Structures are given as structure tokens and as C-alpha cells.
Amino acid sequence: MGRSPCCEKEHTNKGAWTKEEDERLIKHIKQHGEGCWRSLPKAAGLLRCGKSCRLRWINYLRPDLKRGNFTEEEDELIINLHSLLGNKWSLIAARLPGRTDNEIKNYWNTHVKRKLISRGIDPQTHRCLNANNKNPRNVSMQTDDETIAIRNDVGFKVIAAAEEYSNCSSVEFLHPQINLDLSIRPPHLY
DNA sequence: AAGCACATCAACCGCCAGGCG
DNA sequence: TCGCCTGGCGGTTGATGTGCT
């Protein structure tokens with residue numbers, strides 16, 4: 001026996017949301033606010049499960065979403081936060097107003113990963129992909145991307161050493177403007 | 001123009017933690 | 001204390017778009 005489903009699967013729509021469904025969801029939340037997701041679909045006249053409604057609202061319909069391409073600053077912020085937090089997309093998203101965890105996760109998997117690999121950086125560990133490149137004396141033999149990777153790797157060690165002598169994390173060390181207070185609060189309070 | 005491969009991203013799934021009776 | 005319920009999260013899927021041959 002598997003776990004019980006989150007809702008009555010036979011009577012719910014799945015897949016892409018229609019314009020009418022979006023409008024119903026927006027109208028309901030505008031009138032009643034974000035309440036109990038489980039009971040929302042029935043109250044809003046939607047044949048969807050609560051989870052689906054929540055996801056649609058959080059990731060697509062919320063009025064405070066930024067949409068559009070990520071800026072270079074956001075790129076670097078994501079990379080730095082990921083190096084500290086790993087795949088904690090919700091925590092990373094909390095540092096980027098108007099962005100959702102799903103959006104950042106997708107962006108990471110489609111763009112940032114490749115960007116780091118092209119720099120010779122392992123996207124999971126944020127360290128040099130090729131161990132041979134770790135020797136700074138080899139720099140003259142490297143391409144630009146490889147050189148950047150070596151600098152990053154050397155920088156990583158320097159930062160790690162610096163952290164030992166201060167209470168400051170590497171992201172704060174490199175980007176003092178980044179707020180690393182990871183306590184949870186509504187996005188408008190950041 | 002057609003067919004294929006690859007990229008993108010919205011949406012789903014299953015798991016987990018925390019609240020509550 | 002225990003078990004159920006719900007919300008939230010990260011991983012994954014699949015439909016659609018885009019570029020190339």
C-alpha cells in the first residue's frame with residue numbers, strides 16, 4: 001500500500017493551467033488571502049488539488065514576482081549562495097526578492113551549471129574540476145576560463161583561511177553587501 | 001519545409017517536518 | 001506520546017519552443 005494521495009485525483013485537473021483557472025485563483029486569493037490550500041480549490045471553484053494551486057500562485061501568479069532574465073548580479077549572487085548553502089533553493093530564493101525557488105532551481109540547472117563548468121568549476125563543490133589545474137605555476141599554460149578557475153580555487157583557500165581569523169563567511173568576505181541572515185520572514189521585509 | 005536534437009521551464013511527485021488533537 | 005494532516009521542499013518529468021541540418 002502506498003501513501004494516500006493529497007487529494008481526490010479522479011476529480012482534479014492536471015497539467016497546464018488555463019486562463020480561467022488562473023483568474024479564479026487570483027480572484028479567490030485577492031478576496032480571502034492565502035489560507036488553507038487544501039480547502040481553497042473547492043472554495044474557489046477549481047478542479048485542482050491544493051498543492052497545485054499553491055504552486056501556481058507561488059511560482060507564477062504572485063503579484064510581487066519579478067519575471068524576466070536574471071541579471072549578472074543575480075547570477076553571481078546565486079553562485080555564491082549556492083557555494084554556501086548547496087541545493088537549498090528556498091533559502092537562496094529568500095535572498096533574491098521577486099524570484100522563486102523553482103525559477104532559481106531551473107535557472108541553475110539550465111544556465112549556471114554550464115557557466116561554472118565552462119569556467120572549470122565543479123557546480124556542486126565550487127572547486128576546480130581538474131586537479132592538475134590547482135598548481136598556480138601552470139597558469140601560463142591555461143586558457144582564460146581555466147585561469148579564472150585556478151584563481152577561484154586559490155581564492156577559495158585564501159578565503160577559508162581568512163574565515164578562520166574572523167567571524168565572517170566567504171560570501172560576506174567577498175560580497176559584504178549580501179545579507180546572510182537566514183531567518184525566515186516575508187519577502188517584503190527584506 | 002520537414003525532421004531531429006537540444007534547451008527551457010511549468011508542473012508534478014514523493015518525502016519530510018511541524019502543528020495539532 | 002502518538003498518529004494524522006498539511007504545507008513546503010528538492011528532484012524529476014514532459015510539453016513546448018528553438019535552432020540546426
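The figures that follow rest on heavy atoms only: side chains count, while hydrogens, waters and symmetry mates do not. Because the structure is predicted, anything quoted here is derived from the model rather than measured. Just so we're on the same page: letters track the sequence lines, and every chain starts at 1.
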message: Looking at every non-hydrogen atom in both residues, tell me the closest pair between A/I92 and A/L96 and how far apart they are.
response: O-CD1, 3.3 Å
query: Between A/L46, A/L47, A/I26, which is the residue that forms a side chain to side chain contact (heavy atoms under 4.5 Å, CB included) with A/E21?
result: A/L46
task: Output yes when A/K115 and A/E76 qualify as a salt bridge under the 4.0 Å nitrogen-oxygen rule, no when they do not.
output: yes
query: What's the CZ-C1' distance between A/R62 and B/dA10, to the nearest Å?
result: 15 Å
statement: A/D101 CG to B/dC9 C1', in whole Å, measures 13 Å
message: Need one value for A/N59: base, sugar-phosphate or nothing, where a base atom within 4.0 Å counts as base even if backbone is also close, heavy atoms only.
response: nothing
message: Rounded to whole Å, please give me the gap between CG in A/N106 and P in C/dG17.
response: 17 Å
task: Please check the phosphate of B/dC13 (OP1 and OP2 only) for any side-chain N or O of A/K14 closer than 4.0 Å.
output: yes
query: If you check every side-chain atom of A/W37, which of B/dA10, B/dT8, C/dG7 has the closest atom?
result: C/dG7
query: Taking atom P of B/dA10 as reference, at what distance in whole Å does atom CG of A/N109 sit?
result: 14 Å
message: Base of C/dG8, side chain of A/K51 - is there a donor-acceptor contact under 3.5 Å?
response: yes
message: Looking at every heavy atom in both A/R48 and A/C53, which two are closest together, and how far apart are they?
response: CB-SG, 3.9 Å
- prompt: Any side-chain N or O of A/R54 less than 4.0 Å from the OP1 or OP2 oxygen of B/dA11?
  reply: no
- request: Rounded to the nearest angstrom, tell me the gap between atom CG in A/L65 and atom C1' in B/dC9.
  value: 14 Å
- request: Can you figure out which of C/dT12, B/dC9, C/dC9 approaches the side chain of A/K105 most closely?
  value: C/dT12
field: Under-4.0 Å side-chain N/O to phosphate OP1/OP2 contact, A/S90 with C/dC9
entry: yes
task: Examine C/dC5: is either OP1 or OP2 under 4.0 Å from a nitrogen or oxygen in the side chain of A/R38? Give yes or no.
output: no
- request: Quick one: label A/K88 by what it contacts on the DNA or RNA (base, sugar-phosphate, nothing), any heavy atom closer than 4.0 Å.
  value: sugar-phosphate
- prompt: Given atom CD of A/E103 and atom P of C/dC9, what is their separation to the nearest angstrom?
  reply: 15 Å
query: Quick one: is A/N87 getting a side-chain N or O under 4.0 Å of the C/dG11 phosphate, OP1 or OP2?
result: yes
task: Would you name the heavy atoms of A/I58 and A/T100 that are closest together and state the gap between them?
output: O-CG2, 3.4 Å
- prompt: To the nearest angstrom, how far is A/R99 atom CZ from B/dA10 atom C1'?
  reply: 16 Å
task: Round to the nearest Å and state the distance from A/N102 atom CG to C/dG10 atom P.
output: 10 Å
field: Presence of A/R67 side-chain N/O under 4.0 Å of B/dA10 phosphate oxygens OP1/OP2
entry: yes
Contact under 4.0 Å: A/W89 side-chain N or O vs C/dG8 OP1/OP2: no
